[in-house]
Asker: 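One structure, pasted below without further comment.
Worth knowing before you read on, the calculation uses all heavy atoms, side chains too, and leaves out hydrogens, waters and symmetry mates.
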Amino acid sequence: MRGSTVINHAYCWSDDAFYLPILMGDLKTEGIFMSDGETRSACLGNACCGRLPFFEKNGISYVPLDEELTVPDESVDFVLATEGLEAGSFLFLDRVVKIGGIVVTRLCSDGSSPFHLPGNYNIVYVRQFGLSTIVAIKKIAQSGFQIRIHGNGQRRRLLGIEFEKKDVLGQLEGVLLEPLTEKDRILKINFLPILTRDPLTQYLRRVFIDVGSEHTRASSEKWFEENYPKMNLKFEFVKLDGFSGNRKRGKRVNRLAGWLEKHGEEREFVVVKAEAAFIEEIMRGGDYYKVIKLIDELFLTCDPKSAYWECLALYGKLKDEGVFVHQWWD
């Protein structure tokens, strides 16, 4: 049971004679999978049988499905979940995976049953292999752990206080690993002021910045007024087109970054709703930290014309950087 991986069966990974070795090699390169004899793992289900020599070579043991219950709690370091992350299989995975452990799975192609990733997991890897999108998530805490509120009267800045950042970020609602297909479906949002019990009274001003196409702004402002916990305080509304200037001439300006650099202050509470392209450009900048740290809460919109896994990777990077980020569905 040492140096192995947990594998469930739904997608027949044993058929991936070409992509599976490439995937495992890439995971090793990224430091996500290690067959060093020190990590514990297991291969569960009949899907393992077709590639047993490959799994054995990589230190992966085989455990039949009827022996799942023999795997001890929090005993596994790395999981290759070929059955996906449906509620039933995920409960088992969450039980056996250690804190700091990794779960790797393939996303469904039709998005018919999107999985809501719990807040105690971070996305650490997203890649496309052929027609398949592979995602790796890291368990950062026990499910349902309690947050700690530090009432020292000082400015709450998630990016500046490591232990507080982890406590609050762990309470984010789960990210959907597949695009939302039912647009009228109501998703519960864990708003930052509610989680931190922040009355929002200590800030110089409170701002909601809506970045993107003009036709979505009216609905965004209406939604914010009706749903965001403003604590009976006034928020200023700032509406920005995403870019100005000519990109081909190298003079395109990210207006969100420009506004934050010019007007943003640490003593302000800033909520931003923005399309992924504008945030992604900020993150590519060398001094992105100076800009992104001025955002207290971010609602991220994925471009339906782009690959969903790219937006998912951006979400994971933002959360890793300590940004309190939600998915936004128009």
Side-chain angles (χ1 to χ4, degrees), residues 122-123 126 157-159 165 168-169 172-176 179-180 183 187 189-193 203 205-230 235-245 247 252-266 268-330:
N122 277 353
I123 299 171
V126 183
R157 175 60 65 179
L158 296 179
L159 294 173
K165 177 184 71 176
V168 178
L169 286 173
L172 271 170
E173 69 277 1
V175 60
L176 288 177
L180 187 66
K183 297 302 182 182
L187 300 178
I189 297 176
N190 297 331
F191 296 104
L192 181 59
Y203 306 104
R205 64 173 176 169
R206 293 151 294 275
V207 185
F208 175 63
I209 305 175
D210 192 355
V211 189
S213 55
E214 185 175 353
H215 74 278
T216 64
R217 288 180 187 157
S219 60
S220 300
E221 184 172 337
K222 183 176 183 293
W223 178 90
F224 188 85
E225 285 282 12
E226 294 178 352
N227 294 278
Y228 194 82
K230 299 182 292 299
F235 271 73
E236 296 181 28
F237 287 87
V238 177
K239 301 177 182 180
L240 299 174
D241 293 327
F243 297 112
S244 63
R247 184 177 187 179
R252 190 174 74 160
V253 176
N254 187 312
R255 288 188 170 175
L256 174 59
W259 191 97
L260 291 170
E261 290 173 345
K262 184 176 180 180
H263 302 288
E265 294 185 28
E266 289 280 339
E268 297 176 339
F269 188 84
V270 178
V271 181
V272 173
K273 177 251 176 178
E275 296 172 13
F278 311 129
I279 301 298
E280 189 171 27
E281 181 161 300
I282 291 176
M283 297 295 285
R284 285 198 297 262
D287 58 348
Y288 72 88
Y289 182 85
K290 296 180 180 178
V291 176
I292 210 73
K293 74 176 184 179
L294 296 173
I295 300 175
D296 288 277
E297 194 162 13
L298 172 65
F299 292 87
L300 185 69
T301 301
C302 296
D303 185 351
K305 298 179 182 178
S306 300
Y308 185 69
W309 69 267
E310 295 177 346
C311 190
L312 204 61
L314 176 62
Y315 176 97
K317 184 176 181 180
L318 287 165
K319 190 176 177 184
D320 284 344
E321 291 291 341
V323 179
F324 202 81
V325 57
H326 310 274
Q327 292 175 298
W328 178 282
W329 305 96
D330 287 320

Asker: How are the rings of Phe299 and Phe191 set relative to one another: parallel (under 30°), tilted (30 to 60°) or perpendicular (over 60°)?
Answerer: tilted

Asker: Would Lys293 and Glu321 count as a salt bridge (Lys or Arg N to Asp or Glu O under 4.0 Å) here? Give the steps.
Answerer: CA-CA 9 Å; Lys293 74 176 184 179; Glu321 291 291 341; over 6 Å; no

Asker: List the steps and the verdict of side-chain contact (heavy atoms from CB on, under 4.5 Å) for Phe269 and Leu192.
Answerer: CA-CA 11 Å; Phe269 188 84; Leu192 181 59; 4.2 Å; yes

Asker: Quick test of your reading of the model: are Glu226 and Lys222 salt-bridged, counting only N-O distances below 4.0 Å?
Answerer: yes

Asker: According to side-chain contact (heavy atoms from CB on, under 4.5 Å), who are the partners of Glu280, at least two apart in sequence or on a separate chain?
Answerer: Arg284, Leu314

Asker: Quick check: closest heavy atoms across Leu300 and Ala276, and the distance to 0.1 Å?
Answerer: CD1-CA, 3.7 Å

Asker: Using a strict cut-off of less than 4.0 Å between a Lys/Arg side-chain nitrogen and an Asp/Glu carboxylate oxygen, indicate whether Glu265 and Arg205 qualify as a salt bridge.
Answerer: no

Asker: Tell me the closest heavy-atom pair linking Gln327 and Leu176, and the distance in Å.
Answerer: OE1-N, 2.8 Å

Asker: Would you mind telling me which of Tyr315, Trp223, Phe224 makes a ring pair (Phe, Tyr, Trp, His ring centres under 6.0 Å) with Trp328?
Answerer: Trp223

Asker: Can you see which heavy atom on Phe208 is nearest to which on Ser220, and at what distance?
Answerer: CE2-O, 4.3 Å

Asker: After noting the C-alpha distance and the side-chain angles of Asp303 and Glu275, does the key distance pass the side-chain contact (heavy atoms from CB on, under 4.5 Å) rule?
Answerer: CA-CA 7 Å; Asp303 185 351; Glu275 296 172 13; over 6 Å; no

Asker: Under the side-chain hydrogen bond (donor to acceptor under 3.5 Å, both in side chains) rule, collect the residues that match up with Glu225, sequence neighbours excluded.
Answerer: none

Asker: Rounded to the nearest 0.5 Å, what separation is found between the NE2 atom of His326 and the NZ atom of Lys319?
Answerer: 11.0 Å

Asker: What's the spacing between Tyr228 OH and Ile189 CD1 if we round to 0.5 Å?
Answerer: 10.0 Å

Asker: Just so I know, are the side chains of Arg206 and Lys230 near enough to count as touching, which here means a heavy-atom distance under 4.5 Å?
Answerer: no

Asker: What are the two closest non-hydrogen atoms of Val291 and Ala257, and how far apart are they?
Answerer: CG1-CA, 4.1 Å

Asker: For a side-chain contact (heavy atoms from CB on, under 4.5 Å) check, start with the C-alpha distance between Leu256 and Ile279, then their side-chain angles and the critical distance, and finish with the verdict.
Answerer: CA-CA 8 Å; Leu256 174 59; Ile279 301 298; 3.7 Å; yes

Asker: Restricting to non-hydrogen atoms, name the atom on Glu297 and the atom on Asn190 that form the minimum distance, rounded to 0.1 Å.
Answerer: OE2-O, 4.2 Å

Asker: For a 4.5 angstrom cut-off between non-hydrogen side-chain atoms, does Ile209 reach Val238?
Answerer: yes

Asker: Can Lys273 and Asp210 be counted as an ion pair, charged N to O under 4.0 angstrom?
Answerer: yes

Asker: Using a 4.5 Å cut-off on heavy atoms from C-beta on, say whether the side chain of Val271 contacts that of Val207.
Answerer: no

Asker: Locate the shortest heavy-atom distance separating Leu240 from Trp259; write the atom from each residue and the value.
Answerer: CD1-CB, 3.9 Å

